[in-house]
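First up is the structure itself, then whatever we jot down about it.
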Amino acid sequence: MKGLFALAVAAALTAAQAYATEPVKVVSFSTILTEIASAVGGDKVDVVGLVKPNIDPHEYQPTPADLEQLSDAQLILASGKNLEHYLAKLSASAGATTQLVKVGDHFASLHLEESGQMVQDPHWWHSVGNVEKATRVVRDALAQIDPADKAVFAKNADTYLAKLATLDEWVREKVAELPRDKRKLVTSHDAFQYFARDYGFTIHSIEGVSTDQEPSAKQVNDLIDVIRQEGVKAIFLEDKLNPKVSAEITRDTGARIGGTLYADGLGDAPGNTYEGMIKHNTTTIVDALK
Amino acid sequence: MTGSPLLRAAIALALLLLLAWPLQRFTTPRTQPTTPVASDTPSAKQTVHLELVATRAPFTYSVEYLGKIVWQGNSSESTTAGDIAIAFPPEGIDLVLKITWQQPGTSAARLTLTHGDSDPVSQTLWGDGSATQVLTYK
């Protein structure tokens, strides 16, 4: 009997050890959070990014294959701030013990107008400071699920946070090349409020918060007036903007197209990493407005 | 349809005249000047006094404004000062202070800026051996 008991205990311990060494299954709805979870989790996590680079998170809808990924996920990471309108419908697909973290809801929001209503601006990742906060949120969520590897997550997070601190200082030095009275940002997508707040820009957008909105004639005319009055030298586009609109604005104001920015997350190189995205956006903006 | 053809023609003409102004406004290309209204010329330069005080000496330092070094040197004393000529718009300016101390350990430096009749404005940075920081003055 004693032998049988010892055998059962040994089997239970082996199973527990095997479970402990299994990586934490993380599913992410944000390219930025996919990078953060991979950096913080290291080899202790298995991260599946459902929103891939170059996919517009405003238009993304989960597929049946995506829903299958949720069934055995231990942690679901979402941008939050109401960016993922489909999250409420996903609860049935997720496991009973799955932890859903809307990362952006853990820090303060800026607001903008959408269809006559003030809504939370979901583009928090354009603030390096916000991404530092997001890193801590992800670190704590992983440590809660896998306490045995808490020290690993803390060490990895510190390494990633140090890179972010260096990146933030780089952005501040780059922006310092631009006189403060020239920090006027006109973009085709209202995604850069957090960047503007952190680095001293005034912002005007050609469209509203979502990329599926087309600007009205009045919005375009108002923007043309602003560009003229403020003496803005360049405007910045996303690929999706109607080319007739940008042509009208540049023709009527003398402003030029300053370049294309990564607005909604990671994409192709150089914006295939967070550092690359931020450096590309900052360099494009500063060099065009000089 | 009843009524005099002349009356109907007059009504049609009146309608066309009423629509003429908005039609002309929406179909005529804008002819405004294509250069921005606001001036691109930088604000006039003015003399700005800088005073750098460090907790340790000697140290080397540089101050950048708009990506160019406008003040630099070595100091064997804890305080050094100088004047520079730069534009100072109402929105304020950013200066990038880079400082390296010869002795290791945590040190601090305070850069005080005075321009025109305004009160002096000070910004402080900390570092271990060296430090770089963007300092904003308004």
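Please read these numbers as outputs of a predicted model, since none were measured by experiment. In what follows, chains are A, B, ... by sequence order, proteins preceding strands, each numbered from 1.
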- request: Give, as side chain, backbone, both or neither, the part of Lys68(B) having an atom under 4.5 angstrom from any heavy atom of chain A.
  value: neither

field: Heavy-atom proximity to chain A below 4.5 Å, by part of Thr132(B)
entry: both

- prompt: Which pair of heavy atoms, one from Leu66(B) and one from Glu177(A), lies closest together, and at what distance?
  reply: CD2-O, 3.6 Å

message: Please check if the number of heavy atoms outside Arg56(B) that lie under 6.0 Å from its CZ is greater than 12.
response: yes

- request: Side-chain contact test, heavy atoms from C-beta onward, threshold under 4.5 Å: evaluate it for Arg183(A) versus Asp94(B) and give yes or no.
  value: yes

field: Side chain proximity check, Arg172(A) to Val96(B), heavy atoms < 4.5 angstrom
entry: no

field: Check against side chain to side chain contact (heavy atoms under 4.5 Å, CB included), Lys182(A) and Glu91(B)
entry: CA-CA 9 Å; Lys182(A) 286 191 176 178; Glu91(B) 292 85 352; over 6 Å; no

message: Counting only heavy atoms not in Lys163(A) (residues, nucleotides, ligands), do more than 12 fall under 6.0 Å from its NZ?
response: no

field: 4.5 Å side-chain heavy-atom contact, Glu173(A) and Gln133(B)
entry: no

